[in-house]
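Predicted model, so just to flag it, every value in this text is computed and none were measured. Count residues from 1 along the sequence. Start at 1 and go down the list; that is how both ligands and their atoms are numbered.
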Amino acid sequence: MDVMFMVTSGRHTRSNLYLLLLIIVQCGRHAVEGVWPLPRAFTSSPERYPVNSKDFYFVYGRQSAAQQGCSVLDTAFKRYFSLIFPDYHSADGVLGFRKHKPFIVEICVDHGDCESYPNEDSSERYNLSVSAGKASLNAETVWGAVRGLETFSQLVYQDDFGSYFVNKTEIEDVPRFQFRGILLDTSRHFLPVQAILKTLDAMAYNKFNVFHWHIVDDPSFPYQSSTFPDLSSKGAFHPMTHIYTQSDVRRVISYARLWGIRVLPEFDSPGHTKSWGKGQPDLLTPCYRGGTPSGTFGPVNPALPSTYRFMARLFKEVSSVFPDSYIHLGGDEVDFYCWRSNPDVRVFMQKMGFGEDFTKLEAFYIESIVNITSALNKTSVVWQDVFDYHERIPKDTVLHIWKGIPVEYKAELSRITKAGMRVLLAAPWYINHISYGQDWFNFYTVQPQNFSGSEEQKKLVIGGEVCVWGEYVDATNLTPRLWPRASAVAERLWSDEKQTSNVDKAFPRLQDFRCQLLRRGIQAEPLYVGYCKQEYQGI
Ligand SMILES: *[C@@H]1O[C@H](CO)[C@@H](O)[C@H](O)[C@H]1NC(C)=O
């Protein structure tokens, strides 16, 4: 039935090509061992060296600014040892009698930034050189070293007898974009902390570096605020079980840090705030019908001074809980219907001289919130809607492009960068949308800088983001929905565009990387017909 479908859908040419590719892949699996996302400069040779868990060491180079005791690298060594040798316990007994040459991976970093957080300027550049019995990994920062360790772990492979090898290799690598994010939505469905941590692991395997935590929205408010505990006790799906306590949040942030991943919190307002109203009286605008309150509530009430006092206190807390220099303020999809119906809001409009123009009111609100967070030394990120009504938003604000599939977002990139604003692209990467077939092609072939504009404008694209909106996603299907489809975006955002312009070349590599994810316990869904040496054993 499936084959019939493909033939009649007119995509059979491509499908046949993949069948052919599959045969090649499956016969010569070792030949396609590679690294995903593709490094900038990569040469490998057939010269291979044995690697054995009994005699394998990560060591700090003598010149390295970071030494033993560096939390990020000590943790990374432990993690990568287990990732490289998932079966090292069982292998011990069988192969224990053999004599092995040691293999040493020597890490050298220029800066000992072991206790800091990764930020927008952190270098992730690294060089990796593998020769007999030794690999040298050099990076400017510990974050670059973590990326290089991921690459090294992907270079090690097992032959048919279970012995590990790594080939002679030279790699110089640097990401194309500084911001490579994944958005998880924990309001429409609650995601247990464990599901978030697992996603952070998979993000690191893909070299993603920002976890955009869309933590609250209309349906629920799971963030347990220390300043306003009623927000979650009344606004969460359940006040005890479906919340993120302060220690949960700290755990996510410190876990992410060790992988070199920033945590960008989003507290979206003035729309998307229904759940906030449950625990904070007078925050939302009462909607009116026929001169009396109708009993329903609209966006945050921009006419009351108490609103801004509340927001100032909430963002003060949020700014100290989340160490990242960015904060996401939302600002999307504000419906004016309720504001228009409310007599107090109309009086405020007259007082402010906004006339009948509710976009001015919205601009006033957002600017007030941006001023609050700027005073807290945060860079604001807002959804692109804000630019539509407020072209004079402070210049260091980042606009997040989510509208317009498949082509319209290019016009938006062009328009917004022309005003000198920095942008972040999400529109083509709404991965919660699914369809039959290999839709990773569509994610992979996006060209974030291919819009009409000057070179200066193109530099204003700081990166991109995969969004997993939560209407139909919870912990049961999060992982297979994300992976390996998000891996296509990972390569688009990390690797050189020209070297990764061909989906047919990417396919066997991605197929292989997906098997690698399975081997690491990530329940990544299949791309197409085929098999992995180690299949998922979960059922
Ligand atoms: C690694 O070495 C093996 C054995 O010599 C060879 O078959 C394979 O093609 C090499 N892989 C790479 C990526 O160079």
Side-chain angles (χ1 to χ4, degrees), residues 18 20-56 80-81 83-88 91 95 98-106 126-138 147-175 205-207 444 484 487-488 490-491 494-496 498-520 527 530-534:
Y18 286 118
L20 189 70
L21 270 172
L22 273 167
I23 293 161
I24 299 167
V25 171
Q26 290 176 358
C27 298
R29 185 154 283 278
H30 300 293
V32 294
E33 300 291 346
V35 177
W36 189 283
L38 190 70
R40 186 59 58 101
F42 184 178
T43 49
S44 69
S45 86
E47 199 174 322
R48 62 174 201 181
Y49 315 113
V51 180
N52 192 280
S53 59
K54 297 219 83 167
D55 236 334
F56 179 90
Y80 278 109
F81 188 91
L83 289 170
I84 293 168
F85 306 110
D87 52 354
Y88 71 104
L95 303 169
R98 284 202 199 155
K99 280 245 178 291
H100 302 284
K101 283 195 184 141
F103 195 97
I104 289 166
V105 181
E106 189 180 271
Y126 68 90
N127 291 345
L128 177 64
S129 168
V130 181
S131 53
K134 186 177 173 186
S136 302
L137 172 59
N138 293 292
R147 302 291 171 251
L149 287 168
E150 174 57 42
T151 297
F152 177 80
S153 75
Q154 293 186 24
L155 292 175
V156 178
Y157 59 94
Q158 264 179 307
D159 71 3
D160 290 338
F161 306 99
S163 304
Y164 289 94
F165 293 94
V166 62
N167 288 24
K168 185 174 171 63
T169 307
E170 294 291 332
I171 288 177
E172 283 175 28
D173 204 6
V174 61
Y205 306 157
N206 284 271
K207 299 190 171 82
Y444 194 74
S487 306
E491 181 149 290
W494 178 280
S495 307
D496 180 73
K498 288 202 189 72
Q499 293 170 19
T500 55
S501 57
N502 187 325
V503 286
D504 298 338
K505 276 193 184 145
F507 178 76
R509 293 178 47 245
L510 185 54
Q511 183 96 324
D512 211 60
F513 181 59
R514 184 243 163 192
C515 293
Q516 177 95 246
L517 291 175
L518 284 193
R519 201 176 81 127
R520 295 179 177 199
L527 287 161
Y531 77 100
C532 292
K533 226 156 75 176
Q534 281 148 307

Atoms of ligand 1, numbered as shown, that sit under 4.0 Å from any heavy atom of [X]:
X	answer
Ser44	12 (C), 13 (C), 14 (O)
Asn167	1 (C), 2 (O), 3 (C), 8 (C), 10 (C), 11 (N), 12 (C), 14 (O)
Tyr157	1 (C), 2 (O), 3 (C)

Legend entry - Electrostatic pair Glu106:Lys134 at N-O distance under 4.0 angstrom: yes
Inset, instruction - May I ask you to check if ligand 1 and Arg48 share an N or O to N or O distance below 3.5 Å? - result: no
Do [X] and [Y] pair up side chain to side chain, a donor and an acceptor below 3.5 Å, judged on atom types alone?
X	Y	result
Ser129	Glu170	yes
Arg509	Thr500	no
Trp494	Asp173	yes

